[in-house]
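Notes for the one structure printed next.
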Amino acid sequence: MTGSIVLFGPPGAGKGTQAGRIVSLTGKPQVSTGDMLRAAVKAGSPMGLAAKEYMDAGLLVPDEVIIGLIEERLQQDDASSGVLFDGFPRTIPQAESLEQIADVTSVISIEVPDEAIVNRIVGRRMDPETGEIYHIIFNPAPAEIADRLIQRKDDTEVTVRARLAAFHEQTAPLAQWYADRNLLVTVDGNNDIEIVASEIQEALKSL
Ligand code: AP5
């Protein structure tokens, strides 16, 4: 399969959880703007410091910063046969810029109602060594690594509500934008992780 895939959905929809499986199935590298921004924050770069204020407040980082990051990332060799975008694009201007520089062949939208999102986000834990994503109830980590798990700074109830508001206002309209281009495939994300994974696998087969 040539071209790039976009994984689309609200915060906590399960984009990161499903991305690893899609990478294994398609061989396309995962390009997560959230992970790239968190790496820039950790490195203390000027861009990272500027982005941090937006991220901590649950707001979207300005389009020009994000588009610059993506343009740079797509120049790397491993992106030549397409990538899996996770959390990008998130605004119509980002999608319009992407259209100029990459061939998006499908957009998988993971749909989850708002009321399920807060519990998912507040209970999320990450393994800083492997990047693996867990949940204290829905996907518990093995006991031997429990001590090293971390919680993302923006995974609070207050911030997730701001992130959800940003999603509905700025990102949700993209679903129709991609549907108009016959690229949108929707998956019910309000199911067990394995059921969602097999629905995505079926969707990928039909592409
Ligand atoms: P980003 O890192 O992209 O965060 P997000 O979109 O808010 O998505 P999340 O990572 O929170 O959720 P996810 O869908 O990956 O869910 P996960 O699999 O972890 O962005 C962070 C910030 O960076 C943004 O707020 C913004 O400031 C900035 N940013 C990033 N990209 C940007 C862009 N393009 N433009 C502008 N700004 C940008 O799952 C969540 C939890 O639920 C986990 O605990 C998991 O175990 C659990 N879970 C997953 N699936 C299921 C299931 N089926 N059932 C039960 N639990 C489940």
Side-chain angles (χ1 to χ4, degrees), residues 6-22 30-42 47-48 50-71 73 84-98 108-127 131-141 149-172 174 187-200:
V6 170
L7 206 44
F8 179 85
K15 303 182 295 294
T17 299
Q18 300 295 340
R21 298 157 198 251
I22 302 174
Q30 177 186 4
V31 173
S32 157
T33 39
D35 286 349
M36 290 160 88
L37 290 167
R38 279 184 288 280
V41 170
K42 200 169 171 198
M47 189 274 284
K52 186 176 185 305
E53 289 189 28
Y54 293 94
M55 296 168 79
D56 287 350
L59 302 174
L60 293 188
V61 173
D63 287 337
E64 58 275 18
V65 174
I66 299 292
I67 292 162
L69 268 180
I70 290 291
E71 282 173 346
R73 178 65 183 86
L84 173 67
F85 292 108
D86 164 6
F88 172 86
R90 264 169 140 106
T91 62
I92 303 252
Q94 289 181 18
E96 287 170 345
S97 295
L98 181 60
I108 300 172
S109 171
I110 307 180
E111 299 190 333
V112 179
D114 285 7
E115 57 269 23
I117 296 291
V118 178
N119 279 343
R120 284 196 188 186
I121 291 285
V122 173
R124 172 166 52 191
R125 299 292 183 271
M126 320 276 291
D127 180 351
E132 198 66 37
I133 302 166
Y134 296 100
H135 190 280
I136 50 172
I137 295 165
F138 305 131
N139 186 21
L149 298 182
I150 55 164
Q151 189 168 17
R152 263 169 54 178
K153 194 158 186 277
D154 58 347
D155 277 355
T156 64
E157 186 166 345
V158 171
T159 311
V160 76
R161 293 204 187 275
R163 285 159 61 193
L164 273 172
F167 173 78
H168 287 298
E169 196 176 313
Q170 293 167 276
T171 307
L174 266 180
V187 167
D188 181 3
N190 200 19
N191 261 324
D192 287 352
I193 292 174
E194 293 309 324
I195 296 176
V196 179
S198 47
E199 245 197 83
I200 292 177

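Quantities reported herein were computed from a predicted structural model and do not represent experimental measurements. Start at 1 and go down the list; that is how both ligands and their atoms are numbered.
- Checking only distances, Asp155 never comes within under 3.5 Å of ligand 1, N or O to N or O.
- Side-chain contact between Phe8 and Ile110 is absent, with no heavy-atom pair separated by less than 4.5 Å.
- Here the closest heavy-atom approach between residue Thr33 and residue Arg90 is recorded as OG1-NH1, 4.4 Å.
- Two residues are said to be in side-chain contact when any heavy atoms from C-beta on lie closer than 4.5 Å; Leu69 and Leu37 meet this criterion.
- The closest approach between a heavy atom of Gly12 and any atom of ligand 1 is below 4.0 Å.
- Side-chain contact between Tyr54 and Val65 is absent, with no heavy-atom pair separated by less than 4.5 Å.
- Residue Gly16 has at least one nitrogen or oxygen atom sitting less than 3.5 Å from a nitrogen or oxygen atom of ligand 1, judged on distance alone.
- For Asn191, every heavy-atom contact with ligand 1 shorter than 4.0 Å involves the backbone, none the side chain.
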Name every donor-acceptor pair, under 3.5 Å, that has one atom in a side chain of residues 115-124 and the other anywhere in the protein, sequence neighbours excluded.
| residue | atom | partner | partner atom | Å |
| --- | --- | --- | --- | --- |
| Arg120 | NH1 | Gly12 | O | 3.1 |
| Arg120 | NH1 | Ala13 | O | 3.1 |
| Arg120 | NH2 | Gly189 | O | 2.8 |
| Arg124 | NE | Asp155 | OD2 | 2.8 |
| Arg124 | NH2 | Asp155 | OD1 | 2.9 |
| Arg124 | NH2 | Asp155 | OD2 | 3.3 |

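- When hydrogens are left out, the protein atom nearest atom 39 (O) of ligand 1 is Thr17 OG1, 3.7 Å; that is the closest non-hydrogen contact.
- Residue Pro11 approaches ligand 1 through these ligand atoms, each under 4.0 Å from one of its heavy atoms: 5 (P), 7 (O), 8 (O), 12 (O).
- Looking at Arg125 and Ile133, their side chains never come closer than 4.5 Å, going by heavy atoms from C-beta outward.
- With hydrogens left out, the protein atom closest to atom 48 (N) of ligand 1 is Arg120 CD, 4.1 Å, a heavy atom.
- Residue contacts with ligand 1: Ala13 is included, with a non-hydrogen atom under 4.0 Å away.
- A distance of 11.0 Å separates CG in Asp154 from CG in Leu59, rounded to the nearest 0.5 Å.
- Checked by distance only, ligand 1 and Leu60 stay at 3.5 Å or farther apart across all their nitrogen or oxygen atoms.
- Some N or O of Val61 is nearer than 3.5 Å to an N or O of ligand 1, by distance alone.
- Under the rule for a side-chain contact (heavy atoms from CB on, under 4.5 Å), Glu169 has no partner lying at least two apart in sequence or in another chain.
- Considering backbone and side-chain N/O atoms, Gln94 comes within less than 3.5 Å of an N/O atom of ligand 1.
- Among the atoms of Arg124, some N or O lies under 3.5 angstrom from an N or O of ligand 1.
- On a distance-only criterion, Thr33 and ligand 1 share at least one N/O pair closer than 3.5 Å.
- Protein heavy atom at the shortest distance from atom 16 (O) of ligand 1 is Gly14 N, 3.2 Å.
- Taking the side chain as every heavy atom from C-beta outward, Arg73 and Met36 approach each other to under 4.5 Å.
- Every atom of ligand 1 with a heavy atom of Phe138 under 4.0 Å away is listed here by number and element: 55 (C), 56 (N).
- To the nearest 0.5 Å, atoms CZ (Arg38) and CE (Met55) are separated by 5.0 Å.
- In this structure, CD on Gln30 lies 6.0 Å from CG on Asp35, to the nearest 0.5 angstrom.
- Looking from atom 8 (O) of ligand 1 to the surrounding protein, the closest heavy atom is Lys15 NZ, 3.3 Å.
- Ligand-side atoms of ligand 1 in range of Gly87: 31 (N), 32 (C), 33 (C), 34 (N), range being under 4.0 angstrom from any heavy atom.
- Looking only at side-chain heavy atoms (C-beta outward), Thr159 and Asp56 stay at 4.5 Å or farther from each other.
- Between Leu37 and ligand 1, no pair of N/O atoms sits closer than 3.5 Å.
- Side-chain atoms of Ile70 and Val31, non-hydrogen and from C-beta on, do get closer than 4.5 Å to each other.
- Atoms of ligand 1 found under 4.0 Å from any heavy atom of Tyr134, numbered from 1 in the order shown, are 43 (C), 44 (O), 46 (O).
- Against a heavy-atom cut-off of under 4.0 Å, Gly189 is close to the following atoms of ligand 1: 53 (N).
- Atom-to-atom distance recorded for Ile193:CD1 and Ile195:CD1 is 11.0 Å, nearest 0.5 angstrom.
- When heavy-atom distances to ligand 1 are checked against a 4.0 Å cut-off, Arg38 comes that close only through its side chain, counted from C-beta outward.
- Not a single heavy atom of Gly123 sits under 4.0 Å from any atom of ligand 1.
- Remark: ligand 1 and Arg152 share an N or O pair separated by less than 3.5 Å (distance only, no angle test).
- Considering only non-hydrogen protein atoms, atom 3 (O) of ligand 1 sits nearest to Arg90 NH1, 3.0 Å.
- For the residue pair Asp63 / Thr91, a side-chain donor-acceptor distance below 3.5 Å is found, with atom types taken as modelled.
- At a heavy-atom distance under 4.0 Å, only side-chain atoms of Ile121, from C-beta outward, approach ligand 1.
- At under 3.5 Å, a nitrogen or oxygen of Leu59, whether backbone or side chain, sits near a nitrogen or oxygen of ligand 1.
- If you look at Arg163 next to ligand 1, the close heavy atoms, those under 4.0 Å, all belong to the side chain.
- We find the CG-CD distance between Leu7 and Gln18 to be 8.0 Å, quoted to the nearest 0.5 Å.
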